[in-house]
Amino acid sequence: MNIIVTGGAGFIGSNFIFHLLRKYPDYRIICLDKLTYAGNLSTLKSVMNNAHFRFVKADICDRKAVETLFEEEKPDIVVNFAAESHVDRSIETPEIFLQTNIIGTAVLMDTCRKYGIQRYHQVSTDEVYGDLPLDRPDLFFTETTPLHTSSPYSSSKAGADLLVLAYYRTYGLPVTISRCSNNYGPYHFPEKLIPLMIANALNDKPLPVYGEGINVRDWLYVEDHCKAIDLIIHNGKVGEIYNVGGHNEMRNIDIVKLICRKLGKSESLITFVKDRKGHDMRYAIDPTKIHQELGWLPETKFEDGIQKTIRWYLENRKWWEDIISGEYRNYYEKMYSNR
Ligand code: NAD
Ligand code: TYD
């Protein structure tokens, strides 16, 4: 099996590549990544010399580059993680989100149509459903909840999802979509809540909590998300959407306080800052469908996952310090200048 994983130098894509190479040693995994500010080739260091792995630096919007790769590799499956993924950046500069998240998805699917494919899988997000009110804990997102987006990021992901469903209905492209809740774990870029708070706390820097910190996210350990996608690409039904989440709702402020406690840092580092524009209140996934149809259940409890994650950031200080200093951007040149 040849699998192209786009966005594999980012947080979830890299964890997915490690998962595939571990579980399917005879598969060939090709990572296609543009190495934007969020892509970090040093993340893939441990697999760069694996004979079953290939890294290609390219933009998913670059039709020619994508077609050339398909001609060379004849992939059976494409899993699209490549995206602009940070809500705050989308509020500042929406256009690149439309370009990568929507146009890039179209280019990948056009190429899948042209060369033939067993499966195109779109990695989407629960943010396409908008948010839920804090005073209705009985409500959850199901696969039939209407799309109702809040940010340019979530709107671009919803646009991509609609396009994926259109390619299924119009052209019969064999697609699946997963919509997962917030992930956490190793290699999470330190602009997102959990890694930012860990890095800042370790550097005794202020911990910027938006608004009152009462917004709720439904946190899932990244490995559990990878296992869900693995099940969907192998056993999921073509044309279907699967919600992925582990019923683990937490308020932002409680996460930040927990990180302070685990690191032995004072809560006086917490600084309440101006709220995010259009800030979604609560996300909460109903994962009944993927559980009943594919037998998926989350395996990592939050207490264990956050402990593992904090330990990883303590043991891999260079990884995130190089990001903060900008040094990671030189890694590609170092790796590829003589190749
Ligand atoms: P990330 O920002 O850490 O990584 C994105 C990767 O995509 C980077 O390696 C980047 O270089 C690459 N990329 C960006 N634009 C590209 C382009 N035009 N061509 C090729 N590569 C490009 O993101 P992440 O958190 O790993 O998220 C991966 C996917 O999962 C995204 O589609 C995101 O919407 C989705 N998702 C994320 C979460 C979460 O909690 N992080 C939850 C649900 C869904
Ligand atoms: P984030 O990690 O950006 O994920 P998303 O917005 O996609 O859910 O943010 C998670 C929550 O944490 C969100 O409610 C915004 C909040 N947040 C802060 O309070 N401070 C921060 O510095 C960041 C990055 C996020």
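All figures in this text were calculated on a predicted structure; none of them were measured in a lab. Order of appearance sets the numbers: ligands from 1, and atoms from 1 within every ligand.
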**Q** Can you sort out which atoms of ligand 1 are near Asn182, meaning under 4.0 Å from one of its heavy atoms?
**A**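 In order of numbering, the contacting atoms are 40 (O).
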**Q** How far is atom 5 (C) of ligand 1 from its nearest protein heavy atom, and which residue and atom name does that atom have?
**A**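 Checking every protein heavy atom, the shortest distance to atom 5 (C) of ligand 1 gives Ala83 O, 3.5 Å.
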**Q** Please state which option from Leu44, Asp126, Val123 has its nearest heavy atom closest to atom 30 (O) of ligand 1.
**A**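 Nearest heavy atom to atom 30 (O) of ligand 1 lies in Val123.
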**Q** Test of understanding: given a 4.0 Å heavy-atom threshold, classify the contact between Tyr283 and ligand 1 as side chain, backbone, both, or neither.
**A**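 For Tyr283, there is no contact with ligand 1 at all, from either part.
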**Q** Have a look at Glu212, Arg276, Glu191, Met281 and point out the one with the heavy atom closest to atom 24 (C) of ligand 2.
**A**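 Heavy atom nearest to atom 24 (C) of ligand 2 belongs to Glu191.
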**Q** Checking the N or O distance criterion of under 3.5 Å, is ligand 2 in contact with Met197?
**A** no
**Q** Output the list of atoms in ligand 1 that are nearer than 4.0 Å to some heavy atom of Ser85, sorted by atom number.
**A**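 This gives 1 (P), 2 (O), 23 (O) as the contact atoms.
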**Q** How far is atom 25 (O) of ligand 1 from the closest protein heavy atom, and which atom is that?
**A**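 Checked against all protein heavy atoms, atom 25 (O) of ligand 1 sits closest to Phe11 CD2, 3.7 Å.
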**Q** Test of understanding: given a 4.0 Å heavy-atom threshold, classify the contact between Asn101 and ligand 1 as side chain, backbone, both, or neither.
**A**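 Near ligand 1, Asn101 shows nothing, with every heavy atom at 4.0 Å or more.
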**Q** Out of Glu127, His86, Lys192, Met250, whose heavy atom sits nearest atom 5 (P) of ligand 2?
**A** Glu127
**Q** Quick one: which of Asn252, Asp88, Asp280 has a heavy atom closest to atom 11 (C) of ligand 2?
**A**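 That would be Asn252.
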**Q** To the nearest 0.1 Å, how far is atom 34 (O) of ligand 1 from its closest protein heavy atom, and which atom is that?
**A** Tyr153 OH, 2.6 Å
**Q** Taking Arg179 for its side chain and Tyr129 for its backbone only, find out whether a donor-acceptor pair lies under 3.5 Å.
**A** no
**Q** With respect to atom 12 (C) of ligand 1, which of Asp62, Asp33, Val128 exhibits the smallest heavy-atom separation?
**A** Asp33
**Q** Can you sort out which atoms of ligand 1 are near Ser181, meaning under 4.0 Å from one of its heavy atoms?
**A**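 Taking each heavy atom of Ser181 in turn, ligand 1 has 42 (C), 43 (C) under 4.0 Å.
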